[in-house]
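Reading through the structure tokens given below for one structure.
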Amino acid sequence: MTRMPMRIAMLLAAMLVAWQPSKALADNEDTQFWLAGFVRGKVSDEIYLTIDTSQRWRDPVFGADQQTVRVTLEQSLNNTVRLGGGVSWFQTGTVGEARLHQQFRYSKDGLDLRARFEQRWFEGADQVELRLRQRVQYTHPVGKKIKALASSEWFGIIQPRRAGRAAGTEQVRNIIGVALELNPSLEIQPTYMLQITLRENRSDAISHVPQVTLNYKF
């Protein structure tokens, strides 16, 4: 085994060790593990397709495990700007959620800026929830087939799903990790995410989330 794959294997092992039941943690902190997959590619000269899915294992105190699937189409306006949207389904325990989203992306020299507007329909909710997401991501090569990446994303509720609840910041996600190219079409991304979720009338929730993502390009 070469030195670089060995380092990646050690990082993956460390993430799996970090994923332990969080009963010993305070009631405002937990550890989760997310496994995700992305399929991306062009369906025409200017149209990009992305399909992503994930399995999210979570502490029952903070919510049931979650499964997700999302489809996004983007129109390229030039070499740096895309406009698009899509649909997704989230299953959290016995509760289902359908989403529509529209988004703007600017990408150049490793910098990826994304603004996404979501409409969220929850089973049993009082009304459609409207949410805005703003993400800044930067990727930089650090080796022949490896890149370092970091991102920060803000989530803001414009219209809550429950009448009487306050709008405003819902959560912030900060991610750091690496992307290792396995072949020209496939890469693996082991990352760590620190998720801070604001809660009314109690301490904010802090989630430590090791993640493994597979990216396939066609």
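Not measured: the values here are computed from a predicted model. Residues: numbered from 1 along the sequence shown. Below, all heavy atoms of this structure are taken into account, side chains as well, without hydrogens, waters or symmetry copies.
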T169: side-chain hydrogen bond (donor to acceptor under 3.5 Å, both in side chains) partners, not counting sequence neighbours: W154
Under 3.5 Å: donor-acceptor pair, side chain of T53, backbone of T68: yes
Stacked cation flag R131 on F155, 6.0 angstrom / 45 deg: no
Test: E153 and R133 ion pair at under 4.0 Å: yes
hydrophobic_cluster_shared for I47 and V71, side chain cutoff 4.5 Å: yes
Polar contact flag, side-chain donor to acceptor under 3.5 angstrom, T72-H101: yes
Distance-only donor-acceptor check, side chains R105 and Q103, under 3.5 Å: no
Flag for S152-N174: side-chain donor and acceptor within less than 3.5 Å: yes
Step-by-step side chain to side chain contact (heavy atoms under 4.5 Å, CB included) determination, Q119 to L130: CA-CA 5 Å; Q119 302 85 53; L130 304 179; 3.8 Å; yes
L77: which of V81, T80, N79 passes side-chain contact (heavy atoms from CB on, under 4.5 Å): V81
Distance-minimising heavy-atom pair for G124 and R162: O-NH1, 2.7 Å
Between R56 and S54, a side-chain donor and acceptor under 3.5 Å: yes
Lys/Arg-Asp/Glu bridge criterion (N-O < 4.0 Å) met for R40, D52: no
